[in-house]
Amino acid sequence: MVRQKVQAPKGVSEYFPPRSKLFEFVRESLIAPARSAGYQLMELPVFEDTELFTRGVGESTDVVSKEMYTFTDRGDRSITLRPEGTAGAMRAVIEHSLDRGALPVKIWYSGAYFRAERPQAGRYRQFYQVGIEAIGLDDPAIDAEVIAIADAGFKAIGLKKYRLEITSLGDAQSRAAHRIDLMKFIATLELDEATAARAALNPLRLFDDKREEIRAAMLKAPLLMEYLSDASRAHFESVKGYLDALGILYVLNPRMVRGLDYYTGTTFEFVHELLGAQSGIGGGGRYDGLMHELGGQELSGIGFGLGVDRALLAAEAEGVISVDGFVSDLFIIPLGDSAMVKALGLAMQLRNAGKVVEIAFGERALKGAMKAADKSGARYVVVLGDNEIATKSVELKNMNSGVSTSVTIDSLINAL
RNA sequence: GUGGACGUAGCUCAGCUGGUAGAGCACCCGGUUGUGGUCCGGGAUGUCGCGGGUUCGAGCCCCGUCGUUCACCCCA
């Protein structure tokens, strides 16, 4: 009787060989620029007190109102699997008083996030992000640097067909003034119930509606950009100036809407052209009120989250990465028991020297072992038998050219 | 959460108007003594996603369910 197979939960992304190698490459590419800019790792829990998100991300957001994985733990606490990274990062900064030291606090993190949405290509219930946060600095130059770091990550992967959209959501006063006029405007539109309800929660959301009639109607809506205070405007102009100087291309999108309520001021999004509906590969911005909202000091902050799954999908769509190249440097084929002992020792020795070394295990004919070596993607192969052990030298075979050269076992490390 | 499409060997898929499943690739073994990739020969593999129904009989029809996918909502 065959047992029922256990399947992975709906909508999770999983990576295994050979594609996991690409995932690894993409994630590392996205992290590296942050490390190079002096950001340091923060490893955070994947679950948090639910209140962190209702308070931090905002109850009016879809993320909080209908996409959170929330459950009660054995101590009757309401726990939520993190739907995004910034709120947790701020919580940790406050809790461990990192903001009492030198500013800005610059951290990066990478891990899994969870949202209970209907899965779709590039939209998973568990997905991976790389993020950074820079806390405690208002300088527009750091806005530009944060954006540049994200851009550098995408470029390191080899992505080309994406664009950077930026806008400014201004400060609280700017937004309040705009909101009044926007509400008035929306009141003149004829909207279905669901849309009207959405507009009531956050009128900016209508700017992001994909239906043509709504888009057309919203063309005449008042734009937040026109309501920016002098300080917000100056800050944004400065950010743009730095981006120009860095040669980072961007398009202004005054209609950009973000799904998280904490964004203020500079806000940005990276959109890929080949990804269909789920085209955002990264986004971020300032969140100048978040630290205070979560019980910390009144410190500003800026950061981003980059989608590893989507960046990988984008890279595949552009055809810029593929699984080829060698997996290991050397494949050792031992013939017989004493050769195996020798092979295990030699492998460890070479591994300690930084080489990737595999061994042919199991009772196989030499031909079978050679095939295994071929499939393993090893660069070189060495057969280790009694002759080799006696003469202390091996035939080092280059699997690409098929050419063998004789080397002593001791000098093997130099030949690889 | 809403709507559409799909679900056959590890993978990509074929299977005509219902008669108890096939191809290519991959995989394993062999082509005589210690060297892979080509070639040749041989081989294993499917409760046709799952459950129910209609029928003498269902991979093909109906219902449900799970999953995938595309779009909406939303977002990484």
Next on the checklist: Nearest whole Å is fine: how far is B:rU35 P from A:Met399 CE?
Outcome noted: 13 Å
Checklist entry - With distance as the sole test, does A:Ser411 use its side chain to make a donor-acceptor pair with the main-chain N or O of A:Val407 at under 3.5 Å? => result no
Checklist entry - Rounded to whole angstroms, how far apart are CD1 on A:Ile31 and C1' on B:rA76? => result 15 Å
Checklist entry - With rounding to whole Å, what would you report as the distance between B:rA23 and B:rU45 at their C1' atoms? => result 15 Å
Checklist entry - Are A:Glu117 and A:Arg123 ion-paired here, with the side-chain N under 4.0 Å from a carboxylate O? => result yes
Item to check | Touch class at under 4.0 angstrom, heavy-atom based, for A:Tyr124 against every strand present | outcome: base
Item to check | Complementary nucleotide of B:rG1, counting Watson-Crick and G-U pairs under 3.5 Å | outcome: B:rC72
Item to check | Same-atom distance (C1') from B:rC28 to B:rG3, integer angstrom | outcome: 46 Å
Checklist entry - Should A:Arg91 and A:Glu48 be marked as a salt bridge (Lys or Arg N to Asp or Glu O under 4.0 Å) after you check the CA-CA gap, both sets of side-chain angles, and the distance that decides it? => result CA-CA 10 Å; A:Arg91 190 229 84 221; A:Glu48 295 271 4; 2.6 Å; yes
Item to check | Any donor-acceptor N/O pair, A:Ser13 side chain to A:Gln126 backbone, under 3.5 Å | outcome: yes
Item to check | Pairwise 5' ranking along RNA chain B for A:Ser401 and A:Ala311, keeping only the more 5' one | outcome: A:Ser401
Checklist entry - With a cut-off of 6.0 Å (strictly less than), are more than 12 heavy atoms of other residues, nucleotides or ligands near CZ of A:Phe47? => result no
Checklist entry - According to a strict under-4.0 Å criterion, is A:Lys375 in side-chain N/O contact with OP1 or OP2 of B:rC28? => result yes
Checklist entry - Does the aromatic ring of A:Phe127 sit over the six-membered base ring of B:rA76, closer than 5.5 Å centre to centre and tilted less than 30°? => result yes
Item to check | Under 3.5 Å on both distances, the Watson-Crick or G-U partner of B:rC28 | outcome: B:rG42
Checklist entry - Among A:Arg258, A:Met68, A:Arg205, which residue meets the side chain to side chain contact (heavy atoms under 4.5 Å, CB included) test with A:Thr61? => result A:Arg205
Next on the checklist: Does B:rG36 have OP1 or OP2 under 4.0 Å away from a side-chain N or O of A:Lys367?
Outcome noted: no
Checklist entry - Would one find a side-chain N or O of A:Arg118 under 4.0 angstrom from OP1 or OP2 of B:rG3? => result no
Next on the checklist: Base, sugar-phosphate or nothing for A:Gly122? Non-hydrogen atoms, less than 4.0 Å.
Outcome noted: base
Checklist outcome for this item: Among the nucleotides B:rU35, B:rU68, B:rC72, whichever has the atom closest to the side chain of A:Leu366 is B:rU35
Checklist entry - Has the side chain of A:Asp374 got a donor or acceptor atom sitting under 3.5 Å from an opposite partner on the base of B:rG37? => result no
Checklist entry - OP1 or OP2 of B:rA71 less than 4.0 angstrom from a side-chain nitrogen or oxygen of A:Gln120, does that happen here? => result yes
Checklist entry - Salt bridge check: are A:Lys155 and A:Asp151 linked by an N-O gap of less than 4.0 Å? => result yes
Checklist entry - 5'-most contact on RNA chain B: A:Leu306 or A:Ala121, nearest heavy atom basis? => result A:Ala121
Next on the checklist: Distance check needed: B:rA76 P versus A:Met256 CE, whole Å only.
Outcome noted: 10 Å
Next on the checklist: Work out how far the C1' atom of B:rG46 is from that of B:rU8, and round it to whole angstrom.
Outcome noted: 8 Å
Item to check | Listed nucleotide nearest any side-chain atom of A:Glu117, set B:rG3, B:rA76, B:rG37 | outcome: B:rA76
Checklist entry - Reckon A:Arg115 touches a base, only the sugar-phosphate, or nothing at all at heavy-atom distances under 4.0 Å? => result base
Checklist entry - If we take the P atom in both B:rC13 and B:rG51, what is their distance in whole Å? => result 25 Å
Next on the checklist: Would you say that A:Phe154 contacts A:Tyr162 through its side chain, given a criterion of any heavy-atom pair below 4.5 Å between the two side chains?
Outcome noted: yes
Next on the checklist: Between B:rC73 and A:Arg205, counting only base atoms on the nucleotide and side-chain atoms on the residue, is there a donor-acceptor pair under 3.5 Å?
Outcome noted: no
Item to check | B:rG18 to B:rG53 separation - C1' atoms, rounded to the nearest Å | outcome: 15 Å
Checklist entry - How long is the line joining CG of A:Leu330 and P of B:rU35, in whole Å? => result 18 Å
Item to check | Side chain of A:Asp62 - closest among B:rG36, B:rC73, B:rG34 | outcome: B:rC73
Checklist entry - In whole angstroms, how far is the C1' atom of B:rA76 from the OH atom of A:Tyr263? => result 10 Å
Checklist entry - How long is the line joining CD of A:Glu165 and P of B:rA76, in whole Å? => result 13 Å
Checklist entry - Please give, in whole Å, the distance from B:rU2 C1' to A:Lys66 NZ? => result 10 Å
Checklist outcome for this item: The Watson-Crick or G-U wobble partner of B:rA23, with both key distances under 3.5 Å, is B:rU12
Next on the checklist: Looking at A:Lys397 and B:rG36, is any side-chain donor or acceptor paired with a base atom of the opposite kind under 3.5 Å?
Outcome noted: yes
Item to check | Inter-nucleotide C1' distance (B:rG59, B:rC6), Å rounded | outcome: 14 Å
Checklist entry - If you measure from the P atom in B:rC48 to the same atom in B:rG7, how many Å do you get, rounded? => result 15 Å
Next on the checklist: Taking any heavy-atom pair under 4.0 Å as a contact, classify A:Gln126: base, sugar-phosphate, or nothing.
Outcome noted: nothing
Checklist entry - Who does B:rU55 pair with, Watson-Crick or G-U, both distances under 3.5 Å? => result none
Checklist entry - Tell me: CG of A:Leu335 to P of B:rU33, nearest whole Å? => result 14 Å
Checklist entry - Just checking A:Gly402: base, sugar-phosphate only, or nothing, at a heavy-atom cut-off of under 4.0 Å? => result base
Next on the checklist: Should the side chain of A:Glu395 and the base of B:rG34 be counted as holding a donor-acceptor pair, with the cut-off at 3.5 Å?
Outcome noted: no
Item to check | Complementary nucleotide for B:rG67 - Watson-Crick or wobble, under 3.5 Å | outcome: B:rC6
Checklist entry - When rounded to the nearest Å, what value does the distance between P atoms of B:rU69 and B:rG64 take? => result 22 Å
